[in-house]
Every structure is written in structure tokens, then in C-alpha cells.
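This structure is a prediction, so every number in the text was calculated from the model and none was measured.
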Amino acid sequence: MSADTRRLHAERIRAERKARGWDKPEMARQLARAAGDTRGSLPDHECLLTYVKRWERGVVGISERYRLLYCRAFGMSEGDLFPEPANISEEQLSSADIGKPVISETIEFAAWLEQSNVGDTTIEILRENSRLLSYEYPRRPPLDVMADAELLQRDVVAILRAGRQKISQTKMLLGVSAELLALLTLLAGDVGRYRLARAYGRTAWTCAQEADSDPARALVLIAQSKTACWENEFAEATNLAGRGLQLSPAGPQKVLLAVSKATALKSLGDLENAQCALVAADGARDEISYPDENATAWSCPRARQATYALQVHLGARNPDAMLRAAQAADAAWAYGDPWVYGTWAQVRIGAALAHVLNGDPEGAEAELAPVLEIGPSFRVATISGRLKAAERGLEDRRYRASETARTLRERIRIFRAESLDAREGLTREVR
């Protein structure tokens with residue numbers, strides 16, 4: 001198509017548009033209506049608007065497909081709307097015009113590739129908000145964090161579904177979605193919604209795979225391993241944590257994966273390999289180049305690491321080692337490690353279980369008394385499950401005559417009756 005023909009056609013469609021009082025965005029909408037499909041067969045509105053602007057400037061020629069849509073939109077025949085210049089014949093076309101339709105289509109394709117319904121700044125804001133929720137995970141009531149995470153996930157999904165992005169942007173959005181869904185997997189388990197946790201975990205894995213991100217895969221495997229433990233699928237939990245260790249870069253999440261594997265092995269009765277996994281966690285901590293870390297859903301400060309050691313030592317029925325782990329957690333807080341209620345509660349319960357093993361109900365009561373003051377909105381399944389283990393220990397025959405043990409069992413029952421997972425009827429003992 002010659003430059004003269006492009007200019008003539010540009011003048012015709014511009015004049016017909018203005019005669020109908022349409023601006024350029026309305027022209028794009030009219031073309032979409034003429035196609036009878038505003039989403040599937042045509043590019044999105046912004047991309048189509050770019051075409052309209054370029055056609056009206058005569059920068060590129062209008063392909064046969066869009067000529068037909070213009071004719072439908074204006075109610076005109078193609079001969080009337082797109083006449084050929086009378087003073088130009090085929091013989092007069094210069095050799096410079098050869099290949100111009102291909103150039104025009106290539107330019108249109110390049111313009112389409114550059115179109116996106118989201119900017120990089122927006123994606124970064126979404127990522128920052130996702131990581132803020134990870135930071136708030138151990139600090140705010142879980143149902144509140146869960147509600148905020150679900151809303152943010154809906155925002156990400158809406159952007160992914162509303163139009164098209166550059167491939168790199170789509171992968172970034174899927175990475176954000178993987179992290180959010182992994183966090184939702186943890187939260188659903190914390191409140192006893194294990195089927196929902198499974199569903200979130202599967203979808204999170206799909207997003208991480210499509211994003212082709214090993215760090216995202218590692219986070220998802222942390223969450224899935226925890227869900228498997230809650231459902232007493234300890235072999236699966238061990239396998240998931242092991243896969244995560246292979247994928248995870250050096251950092252706090254690698255420590256968390258190692259200790260997760262340790263507790264899963266403990267629950268399988270494999271105490272020797274559980275101890276090896278605790279040693280691997282120490283090695284993963286040594287790989288971290290930055291010693292200071294915040295407490296988040298995916299970090300494992302020394303105090304949190306101690307809670308996993310407590311569980312392994314409980315499996316070995318070693319109360320002295322349990323008390324040393326509790327002392328290590330207290331020392332970590334004294335030296336400035338971040339204090340969060342969930343980790344603190346698990347350390348206190350672990351120390352109480354050590355006293356129960358030692359036949360000291362008064363020592364157990366001293367450890368548990370502050371834990372039993374935690375408000376209902378913070379009573380997650382982890383705390384409730386470990387308290388159930390303490391309750392069972394206090395039911396041992398040697399405590400039948402102990403008023404302290406009887407009172408403590410009753411207080412634990414009252415606490416658990418108002419826990420978040422009790423609402424689901426799914427309180428489970430942590431083994």
C-alpha cells in the first residue's frame with residue numbers, strides 16, 4: 001500500500017469518526033462491537049486504541065480484517081470508505097512500496113508486544129504488600145491476615161485475567177501469587193481448615209511452576225510440608241521438605257525447610273535422621289550472609305529453630321535436652337532476636353512438656369500460665385495442638401492425685417475450646 005493510499009484512508013476514517021461525534025477511544029470500542037467480541041478475537045482496548053491512532057495518522061496501512069470492521073462500524077461499503085487514489089496506477093507505484101504491508105504488520109505486531117495492562121511499579125507494590133503480610137503473619141490475628149491476603153490475591157488474579165502483560169510481567173505476577181497462596185496455605189492450616197490449605201498449596205505450586213521460580217517453589221514446599229504434618233502424612237511432609245531443600249537458595253527459608261524435615265522425621269520415628277536434619281539446619285544458618293533477620297512466615301530465627309529442636313527432643317523423650325532448647329530460645333530473645341507470640345508460646349509449652357516428663361506439674365504450670373492468657377483470636381492450631389499433647393501428658397497415672405495437674409488440664413481444655421481450629425472441630429495433637 002502506497003503512502004498516498006494510507007494518507008487517503010487515514011483522512012476518510014478520521015472524517016467519518018468525527019462526523020459521528022466519536023473520539024478515538026469510542027472508535028476502538030465501536031470496532032470491538034463490530035467484531036462481536038471485545039476480548040477474544042481482538043486485542044484489548046488499549047492495544048486497539050493504539051492501532052486507531054496509528055491508522056488515522058497514516059503511519060501504517062489498515063489490514064483487510066480491520067477495513068471490514070470499519071465498514072461495519074460506519075455502515076458503509078468498502079469501496080466508499082476505502083477508495084483507491086484515482087491518480088495512482090500500479091505502474092506508478094515505486095519500488096520503495098514493495099514490502100510495506102509486511103513492514104506495517106511487523107510494526108503492528110511490535111506495538112502489540114509492547115502493550116500491557118500493568119506497570120512494573122504496580123507489580124512491585126503488589127510484591128511489597130505480599131511480603132508485608134508475611135511479616136505480619138506472626139504478629140496479627142491469623143484470620144485478619146488471611147482476609148487481607150485473600151483480597152490481595154484477588155487483585156493479582158484480576159490483573160492476570162483482565163488483559164495481557166509482557167511475558168516477564170506475567171511471570172512476576174505469578175511469583176507474587178505463588179507467595180500469597182503459600183502464605184494462605186499456612187494460614188488455613190493455622191485455623192484448622194486443612195482441605196482449604198491443600199487447595200491453596202496445589203494452586204501455589206502451579207503458580208510457582210509457571211513463574212519458573214525456585215525460591216517461590218521452596219516457599220510453597222514449606223507450606224505444603226506443614227499441611228502434610230497436620231494431616232499426619234509424615235512421609236509426604238519429609239519428602240516435600242527435602243525437595244524444598246534442593247531448590248532453596250541460601251537463606252532463612254532453607255533453615256526452616258531443614259527443621260521442618262527434622263520434625264517430620266521425628267514423627268515417623270526416625271530420630272537419628274531427625275537429629276541429622278537439625279545439624280543440617282545449623283549448617284544452613286551458617287550459610288546466611290546477613291545475621292539479622294526479621295520474624296516472618298518464611299524466616300527461622302534462632303528462637304523459632306529451637307521450637308523444632310524441642311519437638312525432636314520430645315520424640316526422644318529427653319526432657320533435659322528440651323529444657324536446654326528452651327533456654328537457647330530465651331537467650332536468643334535476650335540477645336535481640338525478634339519476639340513473636342507463636343514462637344514464644346511453643347517454647348513455653350515445650351518447656352512445660354519437659355517438666356511433665358520429669359514429674360513436675362508445678363514447673364509445667366509455671367510455664368503454661370502465661371500461655372493460657374493468649375486471646376482467642378491468636379489461638380492457632382499449632383498452639384492448641386501442642387497444649388493437647390501437654391494435656392495428655394498430665395493424664396498419666398502418676399498425676400491422678402495431683403490437684404495442680406487436674407486444674408491445669410481443665411484450664412487447657414477451656415483454652416482449646418475457644419481456639420481457632422476448635423471452630424472447625426479439627427484440633428489435633430502435635431506429635
Side-chain angles (χ1 to χ4, degrees), residues 138 142 186 189-192 226 229-230 259-260 262-264 266-267 274 278 295 300-333 337 339-396 399 402 404-422 426-431:
L186 294 180
D190 285 343
V191 299
K226 183 174 181 180
C229 272
W230 279 118
V259 293
S260 297
T263 55
K266 179 270 300 184
S267 297
L278 290 180
C300 194
R302 288 167 294 181
R304 188 179 187 185
Q305 187 175 346
T307 67
Y308 289 87
L310 272 164
Q311 293 180 62
V312 173
H313 298 322
L314 175 61
R317 310 287 290 181
N318 188 338
D320 292 339
M322 293 171 70
L323 290 172
R324 286 195 297 271
Q327 291 164 2
D330 290 333
W333 286 318
D337 267 26
W339 184 97
V340 292
Y341 80 96
T343 300
W344 167 80
Q346 291 176 61
V347 169
R348 300 278 69 85
I349 296 168
L353 282 164
H355 290 303
V356 171
L357 289 174
N358 280 333
D360 180 10
E362 288 75 19
E365 182 184 38
E367 294 286 357
L368 292 181
V371 176
L372 295 173
E373 297 300 320
I374 293 175
S377 63
F378 287 95
R379 296 180 185 179
V380 296
T382 308
I383 296 173
S384 179
R386 285 182 170 74
L387 281 172
K388 188 172 183 180
E391 182 185 345
R392 284 177 60 89
L394 290 165
E395 290 171 349
D396 188 89
Y399 294 121
S402 170
T404 299
R406 186 196 66 78
T407 302
L408 193 52
R409 288 197 305 269
E410 183 59 27
R411 291 183 65 189
I412 291 172
R413 290 190 191 102
I414 293 170
F415 180 97
R416 287 179 42 239
E418 296 179 355
S419 65
L420 293 168
D421 55 326
L426 291 168
T427 302
R428 298 180 182 180
E429 179 182 342
V430 176
R431 295 197 288 163

Next on the checklist: Does Q346 form a side-chain contact (heavy atoms from CB on, under 4.5 Å) with V371? I'd like the steps, not just the answer.
Outcome noted: CA-CA 9 Å; Q346 291 176 61; V371 176; over 6 Å; no

Item to check | Verdict with reasoning, W333 to V347, per side-chain contact (heavy atoms from CB on, under 4.5 Å) | outcome: CA-CA 12 Å; W333 286 318; V347 169; 3.9 Å; yes

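S267 places a side-chain N or O within donor-acceptor distance of the main-chain N or O of T263, the cut-off being under 3.5 Å. The main-chain N or O of R416 is found under 3.5 Å from a side-chain atom of S419 such that the two form a donor-acceptor pair. Panel note: side chain D337, backbone R302; a donor-acceptor pair is recorded below 3.5 Å. Under a 3.5 Å cut-off, the side chain of T407 and the backbone N or O of T404 do not form any donor-acceptor pair.
Residues V259 and T307 fail the side-chain proximity criterion, which asks for heavy atoms closer than 4.5 Å. No side-chain heavy atom of L310 sits under 4.5 Å from any side-chain heavy atom of I349. Side chains of I414 and L372 form no contact here, defined as non-hydrogen atoms less than 4.5 Å apart. Taking the side chain as every heavy atom from C-beta outward, L408 and E362 never approach each other to under 4.5 Å. Between D190 and K226 there is a side-chain heavy-atom pair separated by less than 4.5 Å.
Between F378 and Y341, the angle of the ring planes goes over 60°, which puts this pair in the perpendicular group of the 30/60° scheme.
When the salt bridge (charged side-chain N to carboxylate O under 4.0 Å, His left out) test is applied to R379, the partners found at least two apart in sequence or on another chain are E418. With sequence neighbours excluded, the residues that form a side-chain contact (heavy atoms from CB on, under 4.5 Å) with E395 are E391, R392, R409, R413.
Summarising the geometry of P138 relative to V340, their closest heavy-atom pair is O-CB, 3.7 Å, with the distance given to 0.1 Å. Counting all heavy atoms, side chain and backbone alike, P361 lies closest to Y399 at CD-CE2, 3.6 Å. Minimum heavy-atom separation, A390 to L368: CB-CD1, 4.5 Å. Considering every non-hydrogen atom in both A364 and V356, the closest pair reads CB-CG2, 3.9 Å.
Taken to the nearest 0.5 Å, the CZ atom of F415 stands 5.5 Å off from the CD1 atom of I383. For the atom pair CD (Q311) and CZ (R386), the distance works out to 3.5 Å, reported to the nearest 0.5 Å. In this structure, CG in L353 is found 10.5 Å from CD in E367, a value given to the nearest 0.5 Å.
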Output side-chain donor-acceptor pairs under 3.5 Å for residues 312-327, partner residues at least two apart or in another chain, one line each.
| unit_1 | atom_1 | unit_2 | atom_2 | d |
| --- | --- | --- | --- | --- |
| N318 | OD1 | D320 | N | 3.4 |
| N318 | OD1 | A321 | N | 3.0 |

